[in-house]
Amino acid sequence: MPVTKETVDHVAKLARLEFPEEKKAKLTEQLGNILDYVSKLNELKTDDVAPLTHTLDLETPYREDAVKPSLGLEDALANAPAKEGPYFKVPPIIE
């Protein structure tokens, strides 16, 4: 499917972007180049390739989920810029 100015306009609208008319010609060419490259990747035979979660062979270390004592109320509020009773005091966000 060839990339047209209308395609760029549609993608820009979906992404909620606005481009000046003079840049749309270059964006049309660049988007076409990207899609051409992706279509070349589809030509590769990947039947024997296992799906990857990461490009490196990394393992995520897990630790046992153990119950531990939590931070006390006084320690938790010690560095609070403002507090009211046993709570952090924050400014209202709704007028």
Side-chain angles (χ1 to χ4, degrees):
M1 174 178 117
V3 178
T4 63
K5 180 187 162 297
E6 289 75 25
T7 306
V8 171
D9 288 339
H10 180 69
V11 172
K13 182 179 178 184
L14 292 174
R16 296 187 178 163
L17 298 172
E18 291 182 17
F19 298 108
E21 287 297 322
E22 59 271 7
K23 289 200 174 199
K24 288 183 183 177
K26 184 170 183 170
L27 290 171
T28 302
E29 179 186 346
Q30 290 175 336
L31 185 56
N33 291 340
I34 292 168
L35 294 177
D36 288 343
Y37 183 75
V38 170
S39 69
K40 286 182 184 180
L41 292 176
N42 287 332
E43 296 172 7
L44 296 174
K45 294 186 186 283
T46 58
D47 298 335
D48 297 333
V49 179
L52 296 175
T53 57
H54 199 281
T55 56
L56 301 176
D57 191 22
L58 297 176
E59 291 187 27
T60 304
Y62 291 102
R63 63 174 172 80
E64 188 174 327
D65 192 14
V67 177
K68 296 181 181 179
S70 62
L71 194 60
L73 181 62
E74 292 299 319
D75 291 334
L77 293 172
N79 292 323
K83 55 187 169 183
E84 188 171 300
Y87 305 105
F88 289 95
K89 186 173 181 180
V90 296
I93 57 170
I94 300 174
E95 296 178 13

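Model, not experiment: these values are computed from the prediction.
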Which residues satisfy the side chain to side chain contact (heavy atoms under 4.5 Å, CB included) test with Leu71, sequence neighbours excluded?
Asp75, Ala76
Considering all heavy atoms, the nearest Val3-Thr28 contact
O-CG2, 3.4 Å
Count the heavy atoms belonging to other residues, nucleotides or ligands that lie under 6.0 Å from OH of Tyr87, then report whether that count exceeds 12.
no
Taking only residues two or more places apart in sequence or in another chain, which ones pass side chain to side chain contact (heavy atoms under 4.5 Å, CB included) with Leu41?
Tyr37, Leu44
Sorted by chain and number, sequence neighbours left out, side chain to side chain contact (heavy atoms under 4.5 Å, CB included) with Pro20 holds for Glu22, Lys23
Co-members of Ile93 in a cluster of I, L, V, M, F, W and Y side chains, linked at under 4.5 Å
Ile94
Residues which pass side chain to side chain contact (heavy atoms under 4.5 Å, CB included) with Leu73, listed by chain and number, not counting sequence neighbours
Leu77, Pro86
Under the salt bridge (charged side-chain N to carboxylate O under 4.0 Å, His left out) rule, what pairs show up with a residue in residues 41-61, not counting sequence neighbours?
none
Set of side-chain hydrogen bond (donor to acceptor under 3.5 Å, both in side chains) partners for Asp9, sequence neighbours left out
Lys5, Lys24
For residues 83-93, which residue pairs pass the salt bridge (charged side-chain N to carboxylate O under 4.0 Å, His left out) check, not counting sequence neighbours?
Glu84-Lys89
Please tell me whether Val8 and Ile34 are part of a single hydrophobic cluster in this structure, the criterion being side-chain heavy atoms less than 4.5 Å apart.
no
Among all residues two or more places apart in sequence or in another chain, which pass the side-chain hydrogen bond (donor to acceptor under 3.5 Å, both in side chains) test with Glu6?
Thr4
Can you tell me which residue pairs pass the salt bridge (charged side-chain N to carboxylate O under 4.0 Å, His left out) test with a partner in residues 29-39, sequence neighbours excluded?
none
